[in-house]
Amino acid sequence: MKLRTLSLYCIILLISCTSPKDFDIIIRNGEIIDGSGNSSFMADIGINADTIAAIGDLEGKTATQEVDAAGLSVSPGFINMLSWAVESLIQDGRSMSDIKQGVTLEVFGEGSSWGPLTSASKREMKEDQGKIQYDIPWNTLGEYLSFLEKKGVSTNVASFVGATTLRVNTVGYEDRAPTKEELDSMKVMVRKAMEEGAMGIGSSLIYAPAFYSSTEELIALCEVAAEYDGMYISHLRSEGNKLLESLDELIEIADKAGIRAEVYHLKQSGASNWDKLDAVVRKIDSANQAGLKISTDMYNYTAGATGLDAAMPPWVQEGGYEAWSVRLQDPEIRAKVMEEMKSPEIEWESLMQAAGSADKMILVGFKSDTLKHFTGKTLAEVAEIRGKSPEETAMDLVIQDGSRVGTVYFLMSEENVRKQIRLPWMSFGSDAQSMAAEGVFLTSSTHPRAYGNFARLLGKYVRDEQLISWEEAIYKLTQLPASHLKIKKRGLIKVGYYADLAIFDKAKVQDKATFDEPHQYAEGMVHVFVNGEQVLENGEHTGVLPGRVVRGPGWTGWK
């Protein structure tokens with residue numbers, strides 16, 4: 001009798017162990033902030049494979065893996081509208097600084113994109129590589145994104161095709177209009193990129209050689225992207241003295257090309273331009289009311305970061321770095337450059353002038369080991385050490401480092417940062433690599449936005465200062481940019497959508513990175529899922545790399 005009872009028990013146990021589960025994963029007891037902007041609610045989430053399969057009370061349902069989110073908030077994964085993780089993900093696919101903030105999609109393409117490439121542009125990319133070294137087996141933008149996916153990355157990836165890249169591939173670095181044949185070639189490249197899934201056209205008009213592009217050239221490229229329902233996104237020709245005129249140019253391009261448009265990292269550079277925000281808002285609201293679709297993104301700091309090229313006239317940079325460096329060594333040209341760097345009467349955008357003084361410019365990115373001891377010092381400090389003017393010192397550093405020298409510029413008003421966060425059409429981008437606080441990444445400094453942009457929004461501006469609600473903030477990080485990009489099945493917690501999820505502690509989410517010590521991870525992000533796989537568990541990376549290419553609406557694969 002005892003043997004028979006034991007056998008029956010074993011049969012029951014065997015059946016219970018082999019019976020199918022309802023879900024692969026259940027996330028229980030979390031506060032759901034679903035990305036729609038609507039009020040949060042308590043519910044469980046069931047995931048099967050890469051997809052959200054159920055939302056609601058899943059008591060009694062079973063899963064292979066269960067996550068207790070009691071006391072935590074669950075949102076869609078965040079979209080980084082301006083990521084420069086193009087090389088850092090090749091070095092380290094974990095995307096550490098962004099994944100620890102809940103970012104599940106990196107969007108590239110501010111002017112330059114990692115495809116399409118020519119044999120000449122490939123050689124140039126190899127020559128420009130710093131501490132991160134890699135082969136370039138791809139040619140097109142689609143091939144580059146697929147390369148990342150196959151190599152293994154934690155986040156999803158997407159990209160605009162860069163207008164600068166198109167120009168370099170055809171016109172090169174010359175200050176002239178493209179010929180009809182060159183423009184036709186650029187259009188063919190746009191068409192190819194859109195069919196491979198590019199989000200649209202990205203430009204960065206403050207820098208040479210993009211500075212040489214006319215409005216008409218950009219309209220012609222955008223007309224092709226518009227055929228595929230793509231988007232135009234731009235670092236405006238000026239973010240300072242000619243901000244309003246540059247915004248007018250973006251609106252004109254959107255209107256004439258029939259395309260949605262977005263302003264990269266909206267700002268008002270220089271104290272004399274801080275009062276222009278209200279006029280910017282009026283222009284964008286007016287354009288949207290007239291039937292255009294204009295949006296913006298931003299990072300949550302009063303300083304930007306780029307290179308010392310943004311302190312020098314574009315004409316001296318014509319022909320690329322080598323020609324630029326040679327010119328800076330010519331005494332007559334050097335004197336003319338110095339005169340323009342100091343003059344308020346210029347036709348180009350000087351971030352050195354916008355910053356106001358060299359002590360508001362921090363040097364953060366050197367290629368040469370012999371100059372790395374200047375990392376973290378201001379241009380004013382290095383100029384004093386060398387006994388030269390800041391302008392002379394900037395030119396010398398560009399020559400000696402073999403690069404444009406990464407530089408942080410303090411440009412913006414904190415009051416305007418707060419106002420911009422509240423704007424209804426504002427989303428967010430780090431304008432930075434996604435880095436790890438270890439290894440090769442520690443050989444240079446960086447802007448703290450690389451580690452803290454998204455956590456700073458949630459901790460400082462939402463929880464502490466209550467500028468906007470949690471629901472609105474999550475909407476601006478998820479569904480709003482997804483809708484601008486016309487991404488399918490991402491940006492919401494919704495049945496049938498991909499399971500890209502960020503699970504965080506409202507009370508603890510906080511940026512830690514500073515300008516003095518930028519290599520510090522944000523806190524408060526507990527779990528992150530990408531395509532249904534757990535990438536972050538209790539704040540630690542799991543080693544899983546499930547990221548995929550996210551395609552734009554023109555991708556031929558949709559058919």
Any donor-acceptor pair under 3.5 Å linking the side-chain atoms of [Y] with those of [X]?
X    : Y    : value
H519 : E438 : no
E196 : W555 : no
Y134 : E87  : yes
T104 : N156 : no
N139 : K122 : yes
S73  : E31  : yes
Q65  : Q534 : yes
S203 : H235 : no
D516 : T514 : no
S295 : E262 : yes
R463 : Q510 : yes
Y301 : R456 : no

With a 4.5 Å limit on heavy-atom distance, are the side chains of [X] and [Y] in contact?
X    : Y    : answer
T51  : N531 : no
N169 : P116 : yes
F441 : I132 : yes
T478 : L492 : no
V364 : T407 : no
S234 : L205 : yes
N80  : F454 : yes
V153 : P546 : no

Checklist entry - Would the Y521 and Y451 ring centres measure less than 6.0 Å apart? => result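 Close enough - the centres of the two rings lie under 6.0 Å apart.
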Checklist entry - With ring centroids as reference points, do H527 and F504 lie under 6.0 angstrom apart? => result no
Are more than 12 heavy atoms from other residues, nucleotides or ligands located less than 6.0 Å from atom [atom1] of [X]?
X    : atom1 : result
K293 : NZ    : no
D135 : CG    : no
K61  : NZ    : no
E59  : CD    : no
K192 : NZ    : no

Backbone N/O of [Y] and side chain of [X]: donor-acceptor pair under 3.5 Å:
X    : Y    : value
K187 : L221 : no
H447 : S430 : no
Y144 : V86  : yes
R94  : A436 : no
E110 : S204 : no
S88  : S434 : yes

Measure from NZ or CZ of [X] to the centre of the six-membered ring of [Y] and say whether it is under 6.0 Å with the direction within 45° of the ring axis.
X    : Y    : result
R490 : Y497 : no
R449 : Y299 : yes
R404 : Y207 : yes

Checklist entry - Say you draw a straight line from CZ of F147 to CH2 of W114; how long is it, rounded to the nearest 0.5 Å? => result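 Answer for the CZ-CH2 pair, F147 versus W114, is 13.0 Å.
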Next on the checklist: Salt bridge or not between K512 and E517? Use side-chain N to carboxylate O under 4.0 Å.
Outcome noted: no
Checklist entry - Thinking salt bridges, do R123 and E127 make one under a 4.0 Å N-O criterion? => result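 A salt bridge is absent here (no side-chain N lies under 4.0 Å from a carboxylate O).
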Next on the checklist: One pair to check against side-chain contact (heavy atoms from CB on, under 4.5 Å): M298 and H265. What are the steps and the verdict?
Outcome noted: CA-CA 4 Å; M298 67 180 289; H265 45 57; 5.6 Å; no
Checklist entry - Only one of L58, D68, I45 clears side chain to side chain contact (heavy atoms under 4.5 Å, CB included) with I26; which? => result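 Of the listed residues L58, D68, I45, the side chain to side chain contact (heavy atoms under 4.5 Å, CB included) partner of I26 is L58.
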Next on the checklist: Below 30° counts as parallel, above 60° as perpendicular, anything between as tilted: where do the rings of Y264 and F160 land?
Outcome noted: perpendicular
